[in-house]
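Here is the structure we will look at.
Any value given below was found using the heavy atoms of this structure, including those in side chains, with hydrogens, waters and symmetry copies removed. Both counts, for ligands and for their atoms, begin at 1 and track the order of listing. Keep in mind that what you see is a predicted model, and the values were worked out from it rather than measured. For the single chain, residues carry numbers from 1 onward in sequence order.
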Amino acid sequence: MAWTSDLETGIEVIDNQHMRIVDYINRLEEAINHLDRHSVGLVLDELGDYCLSHFAFEEHLQEQAGYKLAVEHKATHENFAKRLGRYQEKYKAREDVAKQLHSMLSTWLVHHIKRDDMAYVPEVRGGIDRMGSDRQKGDWLTRSVAGFFGKDS
Ligand SMILES: [Fe+2]
Ligand SMILES: [Fe+2]
């Protein structure tokens with residue numbers, strides 16, 4: 001799956017996280033092509049963890065900005081996390097779901113970014129702008145990202 005400019009929200013920290021999710025999806029594709037079941041499992045776990053951190057971070061930004069559809073957005077994330085969880089269960093039960101999972105992931109991500117994530121951009125960007133100077137914004141973002149993703153993110 002290729003990263004294309006129509007997936008850019010213009011909020012750098014979010015775009016970097018989305019690109020990383022695309023990387024995971026591509027690693028999954030590679031593992032599938034190599035018939036490497038072990039790697040499929042590893043990527044699945046890492047991708048799941050990373051998505052949950054990304055969702056929590058987005059939800060935090062939305063809350064901080066007072067985004068009006070924050071509750072609906074969170075419900076969409078939770079719904080996806082459940083779907084992913086079901087795939088993980090199937091994988092563990094040795095069902096061959098990797099290809100189906102890969103197509104679900106790429107379709108969902110593109111759709112979610114274009115429809116749901118793009119919708120919060122003006123308000124979240126406004127929220128970030130209201131934080132003060134560039135340094136204050138930078139400090140806040142660094143702290144938040146470290147809080148959700150760990151220090152080496
Ligand atoms: Fe997102
Ligand atoms: Fe989202």
task = I would like to know whether Asp15 and Thr9 meet side-chain hydrogen bond (donor to acceptor under 3.5 Å, both in side chains); could you show each step before the answer?
result = CA-CA 6 Å; Asp15 288 334; Thr9 64; 2.9 Å; yes

message = Centre-to-centre under 6.0 Å for His112 and His73, is that the case here?
response = yes

message = To make sure I understand the geometry: which N, O or S atom in Glu58 is closest to the Fe ion (ligand 2)?
response = OE1

ask   = So, is the end of the Arg125 side chain (NZ or CZ) under 6.0 Å from the ring centre of Tyr120 and within 45° of the ring's axis?
value = no

query = Checking only N/O/S atoms, does Asp116 have one that is under 2.8 Å from the Fe ion (ligand 1)?
reply = no

ask   = Checking only N/O/S atoms, does His54 have one that is under 2.8 Å from the Fe ion (ligand 2)?
value = no

key: Ion pair Glu58/Lys74, N-O distance below 4.0 Å   = no

query = Rounded to 10°, how many degrees is the angle OD1/Asp117-the Fe ion (ligand 2)-NE2/His73?
reply = 80°

ask   = Under 2.8 Å from the Fe ion (ligand 1), is there an N/O/S atom belonging to His112?
value = no

ask   = Less than 4.0 Å between a side-chain N and a carboxylate O, is that true for Asp134 and Lys137?
value = yes

